[in-house]
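Source: prediction; values computed, not measured.
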Amino acid sequence: MFRGVFPAIITPFKDDGSLDEDGLRRNVEILSKTGISGIVPCGTTGESATLSHEEHKRVVEIVVDCSEVPVVAGTGSNNTSEAIDLTRHAADAGADAALLITPYYNRPNERGLVEHFKKVAESAEIPIVLYNVPKRTGVDLRPEIVARLAEISNIVAVKEASGSLTQVSRIIELTSGKDFSVLSGDDDLTLPMLALGATGVVSVVANVAPRATVEMVEAFLKGDIAKARELHYRLAPLVRAMFLETNPIPVKTAYRMMGMAAGPLRLPLAPMSEENEAKLRDVLTKMSDLTGDMR
């Protein structure tokens with residue numbers, strides 16, 4: 001299951017700030033037809049930190065209802081009981097897996113991290129994907145901890161966004177022989193992580209250039225390294241544009257420019273600067289051949 005491209009989708013809002021359910025359905029229905037392997041609602045890109053629990057659950061329900069590909073629902077929290085509640089709901093709603101970020105702000109020690117993920121994994125019969133992004137959470141899910149957690153039967157993958165290829169290599173080394181997958185959590189490192197043994201990516205850029213991202217990953221996995229490298233460099237300007245400012249500010253702005261459902265950001269995220277918005281528009285214009293699937 002954890003092979004290929006899994007766009008981490010935005011959460012579109014109406015102008016009054018409420019959830020745009022129809023827009024969410026349209027976005028998912030379009031993305032589902034682009035060759036992606038799955039879809040990830042309620043992650044960082046989906047502004048999950050500003051969704052109420054009711055909105056969070058509703059987003060998962062809508063995506064499960066309309067997606068033609070497997071759904072990996074973001075269900076993480078820095079409160080273990082909340083993570084359990086969201087994970088159980090995702091399982092009951094029909095999600096195919098759950099993505100759990102490391103508890104942020106609390107900065108738990110190794111024992112706390114292991115117990116947190118163990119309790120959540122035991123709470124619901126659904127595959128669990130760990131999510132390590134220390135630059136956002138303040139805690140690093142070190143390879144040795146990942147290897148311990150990989151012993152739990154339904155913890156089956158990690159989205160690795162530490163930015164360290166050394167760390168990725170060590171995780172793959174320590175989990176070798178286990179039924180455990182490593183997914184890139186950094187679009188700019190997808191190709192080198194595939195070279196180390198990763199099997200796919202949870203992607204931001206795949207929201208705007210899904211087919212090209214799929215083609216890059218599939219080319220590598222089929223052994224066509226030259227084609228994968230070519231697509232990596234073709235996508236590179238678009239990847240950089242997606243991170244001109246804090247994710248998901250650029251990708252949500254890009255969706256608005258492309259006529260997709262997007263709507264406003266929720267504070268504390270604010271609109272892009274005029275300078276960066278102009279840069280983003282320029283890249284989208286120049287790379288319209290890669291973004292045409294979503295227009």
Side-chain angles (χ1 to χ4, degrees), residues 1-6 8 37-38 40 43-45 72-78 80 83-84 87 97-124 126-204 216-217 220-221 228 232 239 243 247:
M1 175 178 171
F2 298 101
R3 171 191 171 105
V5 175
F6 300 78
S37 297
V40 183
T44 304
T45 309
V72 183
T75 62
S77 173
N78 65 341
T80 304
I84 288 172
T87 303
L99 177 72
L100 271 86
I101 197 167
T102 51
Y104 40 88
Y105 188 77
N106 313 64
R107 301 191 70 181
N109 58 17
E110 180 172 338
R111 181 178 177 182
L113 284 169
V114 170
E115 288 300 311
H116 169 80
F117 286 114
K118 181 180 178 182
K119 290 291 187 185
V120 178
E122 291 173 346
S123 73
I126 188 172
I128 301 293
V129 180
L130 310 172
Y131 178 15
N132 186 40
V133 57
K135 58 182 174 286
R136 281 187 180 264
T137 64
V139 61
D140 185 21
L141 199 60
R142 295 185 298 104
E144 293 76 14
I145 305 174
V146 175
R148 286 183 62 186
L149 292 169
E151 299 292 338
I152 298 171
S153 61
N154 62 325
I155 296 182
V156 296
V158 62
K159 174 188 175 183
E160 233 300 319
S162 66
S164 169
L165 291 176
T166 300
Q167 180 147 318
V168 171
S169 179
R170 183 63 172 153
I171 291 170
I172 293 172
E173 177 186 353
L174 291 174
T175 59
S176 177
K178 297 182 174 69
D179 188 12
F180 190 83
S181 302
V182 175
L183 300 170
S184 171
D186 292 305
D187 278 301
D188 58 342
L189 292 181
T190 299
L191 184 59
M193 283 183 63
L194 290 170
L196 290 171
T199 57
V201 57
V202 178
S203 174
V204 176
M216 180 189 71
V217 172
F220 186 92
L221 294 176
H232 165 84
V239 170
F243 297 93
N247 179 48

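- Judged by distance alone, the side chain of S181 and the main-chain N or O of A157 form no donor-acceptor pair under 3.5 Å.
- Taking the side chain as every heavy atom from C-beta outward, D187 and F243 approach each other to under 4.5 Å.
- Taken to the nearest 0.5 Å, the CG atom of N132 stands 11.0 Å off from the CZ atom of R142.
- Two residues are said to be in side-chain contact when any heavy atoms from C-beta on lie closer than 4.5 Å; L141 and Y131 fail this criterion.
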Going through the distances and angles, do L99 and F6 end up as a side chain to side chain contact (heavy atoms under 4.5 Å, CB included)?
CA-CA 12 Å; L99 177 72; F6 300 78; over 6 Å; no
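- With a 4.5 Å cut-off on side-chain heavy atoms, N154 and I152 count as touching.
- Taking OG1 of T175 as the reference point, atom CD of E151 lies at 10.0 Å (rounded to 0.5 Å).
- Heavy atoms from other residues, nucleotides or ligands lying under 6.0 Å from NZ of K178 number more than 12.
- Considering only heavy atoms from C-beta on, L183 comes within 4.5 Å of T199 through its side chain.
- Heavy-atom contacts from other residues, nucleotides or ligands closer than 6.0 Å to CG of D179 number 12 or fewer.
- Atom CZ of R107 sits about 13.5 Å away from atom CG of N78, to the nearest 0.5 Å.
- No donor-acceptor distance shorter than 3.5 angstrom exists from the side chain of D140 to the backbone of P134, with no hydrogens or angles considered.
- For the pair S203 (side chain) and V5 (backbone), a donor-acceptor distance under 3.5 Å is absent.
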Show your reasoning for whether side chain to side chain contact (heavy atoms under 4.5 Å, CB included) applies to E110 and E144.
CA-CA 10 Å; E110 180 172 338; E144 293 76 14; 5.6 Å; no
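- A side-chain donor-acceptor contact under 3.5 Å links S123 to the backbone of V120.
- Annotation: R136, atom CZ; neighbour count of heavy atoms from other residues, nucleotides and ligands within 6.0 Å is above 12.
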Begin with the C-alpha distance, continue with both residues' side-chain angles, and end with the deciding distance and a verdict on side chain to side chain contact (heavy atoms under 4.5 Å, CB included) for T87 and I128.
CA-CA 9 Å; T87 303; I128 301 293; 4.0 Å; yes
Worked check of side chain to side chain contact (heavy atoms under 4.5 Å, CB included) between I126 and T75:
CA-CA 12 Å; I126 188 172; T75 62; over 6 Å; no
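- The backbone N or O of A161 lies less than 3.5 Å from a partner atom in the side chain of K135, making a donor-acceptor pair.
- Side-chain contact between F180 and V158: present, with at least one pair of heavy atoms (C-beta onward) separated by less than 4.5 Å.
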